[in-house]
Amino acid sequence: VTVLGFVSTWDRAPDWKAALTALEPGLDFRIDPELGDARQIEAALVWKPRPGALATMPNLKVIVSLGAGVDSLRREEMPADVPVVRMIDPQLTRGMVEYVLYAVLRQHRYFPFFEDKQRASAWDQGGPVPDTARTTVGVMGIGVIGGAIARALREVGFAVRGWSRTPHAVEGIEGFHGADGLAPFLAECRHAVCVLPLTPATRGLIDARFLSLLPKGAHLINIGRGGHADEAAILAALDSGRLGHATLDVFHQEPLPAEHRFWRHPGVTLTPHVASLTLARTGAPHVIAAVRAVREGRRPDGLVDWARGY
Ligand SMILES: NC(=O)c1ccc[n+]([C@@H]2O[C@H](COP(=O)([O-])OP(=O)(O)OC[C@H]3O[C@@H](n4cnc5c(N)ncnc54)[C@H](OP(=O)(O)O)[C@@H]3O)[C@@H](O)[C@H]2O)c1
């Protein structure tokens, strides 16, 4: 019998209990702070864990993050030698794909322009329909989520390129990597999508220099983390017309303060960190697989490498 401790101040424990015990009926599911004898706990399912909670579990074998990113787990609180596995959930990935397809197509097909015209009862066909095959969309981070986004954009017919830390060969997607690959990657991006993990190497990446490397009038989509972007640089680039539009789901401070200029800027479309969420029903198989892999001495999918930060 696996004893699992649920340590999250955010997620709905009853949903996870139902989804996990449906797959493994013998599972002993305990919810923090009512963990019983914490020495019995082998697996912890966590998101923004209560400080000190994990330290009470000396026999922990694996920690599974309820989020795809592990930037909110305080590394110093992760017991040494206990593997940490990030969430991989097909529904989470699908949600991210939908969000980006919608954001790209909305700008690509000038919907904001037509929404304005409709408010003025104006029959205005605007400029010519853009050539999709000659419109380049760049995806920064082509891992589990970014890879699915890149393939979906390719299916729609865009010219797709990806940027990653290490080289990848994906059919029909032009690959760029590393710091040296960034400028040539950005040079053609009409739409640039950030779906990177937040690490020391990616923090603050979207700054004034980055924005100056995009084609004039480009569209930026940030669904990675707020820490990826210099918000003042985005506002300055929108004001100068260097950036045409920004679709933003993540911010330095969440909730975004009411006085922030993003709320009212005509060049910004914003959503309150909802690009995608993990569902217990679709995420549960990954949790069970991670626990089994560790128990059987195999490498679990989504194992975090703290040295690279994701
Ligand atoms: N807004 C939301 O609702 C939401 C929801 C889910 C996830 N997210 C964000 O999406 C992120 C990605 O998730 P994932 O599951 O796709 O992660 P993943 O599978 O680990 O993929 C990460 C990708 O980023 C690349 N990368 C990492 N560091 C880099 C660097 N310094 N320079 C260039 N590329 C770098 C990796 O390159 P390699 O391929 O070379 O390793 C990989 O392609 C999460 O960490 C989270 O921040 C946001």
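Every number for a ligand or one of its atoms is a count from 1 in the order of the listing.
Residues Val139 and Tyr99 share a hydrophobic cluster, clusters being chains of Ile/Leu/Val/Met/Phe/Trp/Tyr side chains in contact below 4.5 Å. Phe251 and Ile223 are members of different hydrophobic clusters when ILVMFWY side chains are connected at heavy-atom separations under 4.5 Å. With hydrophobic clusters built from ILVMFWY side chains whose heavy atoms lie under 4.5 angstrom apart, Trp16 does not share a cluster with Ile63. Taking hydrophobic clusters as Ile, Leu, Val, Met, Phe, Trp and Tyr residues chained together by side-chain heavy-atom distances below 4.5 Å, Leu303 does not share a cluster with Leu54.
The heavy atom nearest to atom 46 (C) of ligand 1, out of those in Arg225, His168, Met87, is found in Arg225. Residue nearest to atom 9 (C) of ligand 1, selected from Gly69, Gly224, Ser276: Gly224 (by heavy-atom distance).
Checked against a 3.5 angstrom limit, the closest N/O atoms of Asp71 and ligand 1 fall outside it. Inclusion of Trp163 in the set of residues having an N or O under 3.5 Å from an N or O of ligand 1 is not warranted. At a 3.5 angstrom cut-off on N or O pairs, Thr199 does not count as close to ligand 1. Looking at Leu92 next to ligand 1, no N or O pair under 3.5 Å apart turns up. Residue contacts with ligand 1: Gly143 is placed with a nitrogen or oxygen under 3.5 Å of a nitrogen or oxygen of the ligand (distance criterion only). In terms of N/O distances under 3.5 Å, ligand 1 is not approached by Thr202. Any N or O atom pair closer than 3.5 Å counts here, and Ile223 shares at least one such pair with ligand 1. Polar contact with ligand 1: present for Val144 (N/O pair, distance under 3.5 Å). Considering backbone and side-chain atoms alike, Ile145 places an N or O below 3.5 Å from some N or O of ligand 1.
The nearest heavy-atom contact from the protein to atom 14 (P) of ligand 1 is Arg86 NH1, 3.8 Å. Here the protein heavy atom with the shortest distance to atom 43 (O) of ligand 1 is Ile142 N, 2.9 Å. Of all protein heavy atoms, the one lying nearest to atom 24 (O) of ligand 1 is Pro197 CD, 3.3 Å. Remark: minimum distance from atom 2 (C) of ligand 1 to any protein heavy atom is reached at His273 NE2, 3.7 Å. Closest to atom 36 (C) of ligand 1 among all protein heavy atoms lies Tyr310 OH, 3.5 Å.
When atom types are taken as modelled, the side chain of Arg74 and the backbone of Pro49 share a donor-acceptor pair closer than 3.5 angstrom.
Qualifying ring pair (Phe, Tyr, Trp, His ring centres under 6.0 Å) partners for Phe210, counting only residues two or more places apart in sequence or in other chains: none.
Counting only N and O atoms by type, the side chains of Arg94 and Ser276 include no donor and acceptor under 3.5 Å apart. Looking only at atom types and distance, the side chain of Gln91 has no donor-acceptor partner in the side chain of Arg281 under 3.5 Å away.
Atom OG1 of Thr199 and atom CH2 of Trp306 lie 11.5 Å apart (nearest 0.5 Å). Annotation: the span from Leu205 atom CG to Trp163 atom CH2 amounts to 5.0 Å, rounded to 0.5 Å. With values rounded to the nearest 0.5 angstrom, Leu214 atom CG is found 9.0 Å from Arg190 atom CZ.
Look at Glu115 and Arg106 and you find a salt bridge, because one of the NZ, NE, NH1 or NH2 atoms lies within 4.0 Å of a carboxylate O, short of that distance.
Those atoms of ligand 1 with a heavy atom of Ala201 less than 4.0 angstrom away are 31 (N). Those atoms of ligand 1 that come under 4.0 Å of a heavy atom in Val195, given as number and element, are 10 (O), 11 (C), 12 (C). Near Leu196, with a cut-off below 4.0 Å to any heavy atom, the atoms of ligand 1 are 11 (C), 24 (O), 25 (C), 26 (N), 34 (N), 35 (C), 47 (O).
When heavy-atom distances to ligand 1 are checked against a 4.0 Å cut-off, Met140 has no atom that comes that close, whether in backbone or side chain. The parts of Thr166 lying near ligand 1 are both backbone and side chain, judged by heavy-atom distances below 4.0 Å. Heavy atoms from both the backbone and the side chain of Ser164 come within less than 4.0 Å of ligand 1. Contacts with ligand 1 closer than 4.0 Å are made by side-chain heavy atoms of Met96 only, the backbone lying farther away. Contact annotation for Arg165 and ligand 1: heavy atoms of both the backbone and the side chain come within less than 4.0 Å of the ligand.
Note on ring orientation: taking the six-membered ring where Trp is involved, the planes of Phe114 and Tyr110 are tilted (angle from 30° to 60°).
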Practice prompt. Could you walk me through whether Arg261 and Asp239 pass salt bridge (Lys or Arg N to Asp or Glu O under 4.0 Å), step by step?
Written response: CA-CA 11 Å; Arg261 279 189 67 210; Asp239 288 341; 3.1 Å; yes

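Contact analysis puts Asp249 in contact with ligand 1, with a non-hydrogen atom separation below 4.0 angstrom.
Taking the ring axis of Tyr310 as reference, the NZ or CZ atom of Arg308 stays within 45° of it and closer than 6.0 Å to the ring centre.
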